[in-house]
Amino acid sequence: MSKKKFIYPHLAVNRKKPLNLIDSDNYLFSHEYEKTIPPSYIRILRNPTVINETILYLKKLRIFSKETFYGSHTLTKKVKDTIKNIIKSDNETHQLDRGIWIVDSKSQNFGHWMIDSLCRYYLVPKEYRSYKVLLPEKFKIDWIIEMLEYLDIPFKFLDKNKKYIVNELILTSKAHPSGNYNPEIVNEIRELFLKENINNEIKPKRKVWASRANIGRNPKNLNEIEKILNKFDFEILPTEKLSLKEKIEIFSNTELFSGTHGSGLINLFFMKEGSRIFEVRDLNDKHKNAVFSLAAALGIDYFYMEREKSLLEGGQINSLIFEKKLQACLNDF
């Protein structure tokens, strides 16, 4: 039995253009200025089978792939992964009373956890929020646990390859297409993160660069870029090594956040409205607009530039252009 309950209708979203937009770059963003976010819903499932990341009705051969796989995965992969999970599962069946499902096949990545999975939780009506979020064992990651505990979200990890029957499972749809956002949800999440950090105490305005040590997105001429960052008194921080409380403390007091495109910039979830982000985008890439659209949803001013070379050619950043554009972001601080 599957009962669908719609939570949000179609939403029309309008976004402010980048503050330093060059006319010739308009093609990078023009398709993102106006978007329609499709309706979102929950399904109330009775007695589905859950095995690792798979949710299905075995007898009916019905797989809930739309809610459990990332959108770009092919039908072949979905079927193949489902069969693997069924074959690997124990014969014994374990019973669970209630649960909530918010993850898909990409949710272990920090960026996708934040912009996709965490947002799905806030589709769940309050009468169901005492139910535990069910997470496959591979999600037993320190930063995920820390975040769930900070937000007071109850959760339970499922043992690998065990077959569970859940009496009542709240299966969430995607809250929004990945890289696009329901503004109401992302602003609610920001408020919850900053609940202990909103005060009248005057603190210095910080400037932060998201370091990406040992990650392929680092530009080949990173040393040149770091010299410019040091010149403007930027803190160069490895965001993946910061605790959640450190992130909240740092970014809620950051006026300008910068870095190359990637999950590190999704830490703008912890920034206050009216702050700024300066993204170094991949060359000629008009598809990866998750940072631009999230900044728009959160009321954060967006600035950008492109790499001089593609990632395959080393991903260099033109240091002269970088310094000039960075200076423009700082001019009226």
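Just so you know, residue 1 is the first one in the sequence shown, and it goes up from there.
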For this session: Would you check, one step at a time, whether the test side chain to side chain contact (heavy atoms under 4.5 Å, CB included) holds for Glu235 with Trp209?
Result: CA-CA 6 Å; Glu235 299 171 71; Trp209 172 271; over 6 Å; no

For this session: Begin with the C-alpha distance, continue with both residues' side-chain angles, and end with the deciding distance and a verdict on side chain to side chain contact (heavy atoms under 4.5 Å, CB included) for Ile87 and Lys84.
Result: CA-CA 5 Å; Ile87 292 172; Lys84 277 184 182 179; 5.9 Å; no

Exercise. After noting the C-alpha distance and the side-chain angles of Phe278 and Tyr302, does the key distance pass the ring-ring contact (aromatic ring centres under 6.0 Å, His included) rule?
Worked result: CA-CA 6 Å; Phe278 175 45; Tyr302 178 87; 8.7 Å; no

For this session: Could you please spell out the steps behind the side chain to side chain contact (heavy atoms under 4.5 Å, CB included) verdict for Thr254 and Arg276?
Result: CA-CA 8 Å; Thr254 293; Arg276 302 175 184 186; over 6 Å; no

For this session: Could you walk me through whether Tyr131 and Asp97 pass side chain to side chain contact (heavy atoms under 4.5 Å, CB included), step by step?
Result: CA-CA 9 Å; Tyr131 295 15; Asp97 186 25; over 6 Å; no

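Lys5 has a carboxylate O that lies under 4.0 Å from a charged side-chain N of Glu127, or vice versa, which qualifies the two as a salt bridge. Checked for salt-bridge contact, Glu168 and Arg46 meet the test: a charged N lies under 4.0 Å from a carboxylate O. The pair Glu92-Lys162 fails the salt-bridge criterion, with no side-chain N (NZ, NE, NH1 or NH2) lying under 4.0 Å from an Asp/Glu carboxylate O. Electrostatic pairing of Arg281 and Asp285 does not count as a salt bridge here, judged by no charged N lying under 4.0 Å from a carboxylate O. No salt bridge links Lys174 with Glu67; every basic N to acidic carboxylate O contact stays at or beyond 4.0 Å.
For Phe155 and Phe157, the gap between ring centers is short of 6.0 Å. In this structure, Phe29 has its ring center closer than 6.0 angstrom to the ring center of Tyr304.
Tracing side-chain contacts under 4.5 Å through hydrophobic residues (I, L, V, M, F, W, Y), one reaches Phe110 starting from Phe139; they form part of the same cluster. Put simply, Ile55 and Ile83 are part of two different groups of oily side chains (I, L, V, M, F, W, Y) that touch within less than 4.5 Å, one to the next. Hydrophobic clustering (ILVMFWY, side-chain heavy atoms < 4.5 Å, transitive): Leu169 and Ile100 are in one cluster. With hydrophobic clusters built from ILVMFWY side chains whose heavy atoms lie under 4.5 angstrom apart, Leu56 does not share a cluster with Leu171.
Here the shortest heavy-atom pairing between Gly99 and Val166 reads N-CG1, 4.0 Å. Nearest heavy-atom pair, Ser319 versus Glu224, reported as atom, atom and distance to 0.1 Å: OG-OE1, 3.3 Å. Heavy atoms only, all atoms of each residue included: Ile115 and Ser178 are closest at CD1-OG, 4.1 Å.
Between the side chains of Tyr164 and Gln95, no donor-acceptor pair of N or O atoms lies under 3.5 Å. Counted by atom type alone, Asn109 and Ser263 present one or more donor-acceptor pairs between their side chains at under 3.5 Å. For Asn52 and Asn161, the side-chain atoms include at least one donor-acceptor pair closer than 3.5 Å. A donor-acceptor contact closer than 3.5 angstrom links the side chains of Asn331 and Gln327. Neither side chain, Asn180 nor His176, offers a donor N or O lying under 3.5 Å from an acceptor on the other. Side-chain contact, Asp104 with Thr68: no donor N or O sits under 3.5 Å from an acceptor N or O. Residues Asn318 and Arg307 have side chains that never bring a donor and an acceptor to within less than 3.5 angstrom of each other. A donor-acceptor pair shorter than 3.5 Å cannot be found between the side chains of Tyr122 and Glu184.
Each of Leu135, Asp116, Val133 was scored for a side-chain contact (heavy atoms from CB on, under 4.5 Å) with Val103, with one residue passing: Leu135.
The cationic atom of Lys247 (NZ for Lys, CZ for Arg) does not lie both less than 6.0 Å from the six-membered ring centre of Phe193 and within 45° of the ring axis. Cation-pi contact between Lys286 and Tyr27: absent, since separation from the ring centre below 6.0 Å together with deviation from the ring axis within 45° is not met.
For Asp142, the CG atom counts as loosely surrounded, since its 6.0 Å shell holds 12 or fewer non-hydrogen atoms of other residues, nucleotides or ligands. Under a cut-off of 6.0 angstrom, the local environment of NZ in Lys220 is sparse, with at most 12 non-hydrogen atoms contributed by other residues, nucleotides or ligands. Within 6.0 Å of NZ in Lys80 there are 12 or fewer heavy atoms belonging to other residues, nucleotides or ligands.
Side-chain atoms of Arg129 come within 3.5 Å of backbone N or O of Val124 as a donor-acceptor pair. Proximity of a side-chain donor or acceptor of Asn187 to a complementary backbone N or O of Ala297 within less than 3.5 Å is detected.
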